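These numbers come from a predicted model, not from an experiment.
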Amino acid sequence: MGLEPFTRDSTIFRDENVLRDSYTPQTLIERDDELMAYQSALRPVVNGAQPKNLFLYGQTGVGKTLATKLVLERLSTDLEPMDDVDLHTVFLNCKSLSSSYQVAANLVNEFREPDDKIKTTGYPSGMINQMLWDHLNDLEATHCLIVLDEVDSIGNDDDILYQVPRANDNNLVENTQVGVIGISNDFTFRDNLSARVKDSLCDEEILFSPYDANQLRRILEQRSEQAFHDDVLDENVIPLAAAFAGQSSGSARQALLRLYKAGDIARDEGTEMVTERHVREADRAVERDKVWEELLRVPTHSKLTLYALLTLETENKLPAKRSAIYKRYRIAADRIGIDPRTDRTVHDRLSQLTLKGFLDVEEKNKGPKGGSYYQYQFSIRPELVTEALSEDSRVSELFD
């Protein structure tokens, strides 16, 4: 036994890169309303006016970042013939950043040449902010749009989300009109923002809801025309891949991953057709790979929160409010001798679990008298949660 020679194959894929997460399509389908709202919110820039500050939210894989790239590309193109408006855009992914200081320091480096970048630690925060204002004032542009993707990573340290949107009003930046576009994967992040940040950042809010199975099917059909050779997909492949992703997450990214994996399995088998069986195998592999390692790594109190949801699931009581989940969490913690945390801590755990894609959250509004609240339910298969929690030596006692 030994390595076999690498050979090119052409039976399944025409261009598999089209199914990768890094691929940027020329159009974004199934998001017409969101794109229309996006363009409307940015229209002041075309008129030479102060940009609105936008806040986009919705779970991962629902088109927020792609919509932003496409809209800003279109805006830049349409502004080219206009002599009185010059737009500069900055795109910063905040995923690995946990504070306003880190965001400000990394924004400073976005304006600098590679050999002139600063260290992102060691400066007084006031000095970092002043560097940012200086760069904005020195821009040879009438407008600057700053995109902060995955901005929820900074948690409660949200001062930068007040400072930058208010930079013009506070006379910190005078020569360039600044607007901020915040993108969050956490539905509840905006509710935890301070009141002054909400007033500054959320001039316009655009919700990107999860895709349903029909929308995912049309997205997969669009990509598959470029990705696969003609007549290699069984007629049920795309509907099944869309259904699996629709049930588990509503994420186009996850739907494309299932379709890509199904093609991979068919290619490895040396078959000339991708079938339902390949999609089912792909779904099991994708779901387990995506969730398993993350579930094993979450802290103990997050695992107890998940167990609380499991108990409600077995009684058909999901989706459930945070108060109901917290009661079950306390019972579970007491059973295995762990000091329960506060209701606020469990709220944070629910937000983190939602951000990781384990839970779906829906806002309910009962009107002026009833107020609003959130309900949570699993976005992954409960039996997978049970298997993962059973691997934890302490939490496994709850299943005895």
Side-chain angles (χ1 to χ4, degrees), residues 38-56 68-69 71-73 75-76 78-80 82-94 97 99-114 116-151 153-154 157-184 190 193-206:
Y38 214 144
Q39 285 196 281
S40 175
L42 291 178
R43 197 167 302 281
V45 177
V46 181
N47 297 325
Q50 176 74 31
K52 291 184 179 179
N53 299 299
L54 310 181
F55 186 72
L56 280 59
T68 299
K69 291 179 178 178
V71 169
L72 291 182
E73 286 176 5
L75 177 60
S76 296
D78 292 345
L79 286 174
E80 286 179 2
M82 303 181 189
D83 296 332
D84 59 336
V85 179
D86 187 14
L87 174 65
H88 182 86
T89 59
V90 176
F91 193 101
L92 178 66
N93 190 299
C94 303
L97 310 179
S99 68
S100 286
Y101 179 95
Q102 292 177 0
V103 172
N106 279 272
L107 281 176
V108 167
N109 281 334
E110 290 294 320
F111 291 96
R112 294 186 168 225
E113 297 297 327
D116 191 35
K117 295 188 183 297
I118 64 170
K119 294 181 179 179
T120 55
T121 58
Y123 292 91
S125 58
M127 182 181 295
I128 289 290
N129 288 344
Q130 188 57 54
M131 289 181 189
L132 180 57
W133 311 142
D134 289 343
H135 281 301
L136 287 168
N137 277 311
D138 291 342
L139 277 179
E140 294 182 0
T142 59
H143 293 73
C144 180
L145 290 175
I146 297 175
V147 181
L148 301 176
D149 199 2
E150 301 192 59
V151 68
S153 298
I154 69 173
D157 184 6
D158 59 10
D159 185 62
I160 192 71
L161 302 183
Y162 172 77
Q163 294 285 352
V164 179
R166 300 282 296 177
N168 292 127
D169 292 341
N170 292 334
N171 298 317
L172 299 169
V173 178
E174 298 180 351
N175 300 329
T176 303
Q177 299 187 80
V178 181
V180 175
I181 300 173
I183 305 176
S184 172
R190 76 191 197 285
L193 295 171
S194 61
R196 65 172 189 164
V197 170
K198 286 182 184 178
D199 289 341
S200 300
L201 180 62
C202 303
D203 286 344
E204 296 280 345
E205 296 183 358
I206 305 176

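Considering only heavy atoms from C-beta on, D199 stays 4.5 Å or farther from Y162 through its side chain. At least one side-chain heavy atom of L87 sits less than 4.5 Å from a side-chain heavy atom of L75. A 4.5 Å side-chain heavy-atom check between W133 and V164 finds at least one atom pair inside the cut-off. Residues I154 and L161 form a side-chain contact, since some pair of their non-hydrogen atoms from C-beta on lies under 4.5 Å apart. Contact check for I146 versus V178: side-chain heavy atoms found under the 4.5 Å cut-off. Taking the side chain as every heavy atom from C-beta outward, Y123 and Q130 never approach each other to under 4.5 Å. In this structure, the side chains of V147 and K69 stay at 4.5 Å or more apart for every pair of heavy atoms. In this structure the side chain of L42 reaches within 4.5 angstrom of the side chain of L54, judged on heavy atoms.
Interatomic distance, T68 OG1 to L145 CG, rounded to the nearest 0.5 Å: 10.5 Å. Here CZ of F55 is found 12.5 Å from CD1 of I181. Values are rounded to the nearest 0.5 Å.
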Problem set entry | side-chain contact (heavy atoms from CB on, under 4.5 Å) between L136 and L132, worked out | CA-CA 6 Å; L136 287 168; L132 180 57; 4.3 Å; yes

Problem set entry | Criterion side-chain contact (heavy atoms from CB on, under 4.5 Å) on F111 and H88, from CA distance to verdict | CA-CA 10 Å; F111 291 96; H88 182 86; 4.0 Å; yes

Exercise. Does the side-chain contact (heavy atoms from CB on, under 4.5 Å) test come out yes or no for L107 and L148, once each step is laid out?
Worked result: CA-CA 10 Å; L107 281 176; L148 301 176; 4.2 Å; yes

Exercise. side-chain contact (heavy atoms from CB on, under 4.5 Å) between L139 and N175: does it pass, once the steps are laid out?
Worked result: CA-CA 8 Å; L139 277 179; N175 300 329; over 6 Å; no

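When all heavy atoms of I118 and A105 are compared, the pair lying nearest together is CD1-O, 4.3 Å. Minimum interatomic distance between E174 and N171 (heavy atoms only, all atoms of both residues): OE2-O, 3.8 Å. Nearest heavy atom pair, residue L172 against residue N137, reads O-ND2, 3.1 Å. Across all their heavy atoms, Q102 and L97 have their closest contact at OE1-CA, 3.3 Å. Closest approach of G48 to Q177, counting heavy atoms only: O-NE2, 3.1 Å. Across all non-hydrogen atoms, the minimal contact from C94 to S153 is O-CB, 3.2 Å.
Put simply, the side chain of K117 gets close to the backbone of N109: a donor and an acceptor are under 3.5 Å apart. Under a 3.5 Å cut-off, the side chain of R166 and the backbone N or O of N170 do not form any donor-acceptor pair. In this structure a side-chain-to-backbone donor-acceptor pair under 3.5 Å is missing from D149 to F91. A donor-acceptor distance shorter than 3.5 angstrom exists from the side chain of H143 to the backbone of A49, with no hydrogens or angles considered. Listed for the S100 side chain is a donor-acceptor partner under 3.5 Å among the backbone atoms of D157. Between the side chain of S184 and the main chain of V151, no donor-acceptor pair closer than 3.5 Å is present. When atom types are taken as modelled, the side chain of N53 and the backbone of V180 share a donor-acceptor pair closer than 3.5 angstrom.
Between R196 and D158, no side-chain nitrogen of the basic residue sits less than 4.0 Å from a carboxylate oxygen of the acidic one, so the salt-bridge criterion is not met.
Checking T121 against Y101 by side-chain atom types alone, no donor-acceptor pair falls below 3.5 Å. In the model, E110 has no side-chain atom that pairs as donor or acceptor with a side-chain atom of N106 under 3.5 Å. For the residue pair Q50 and N168, a side-chain donor N or O sits within less than 3.5 Å of a side-chain acceptor on the partner.
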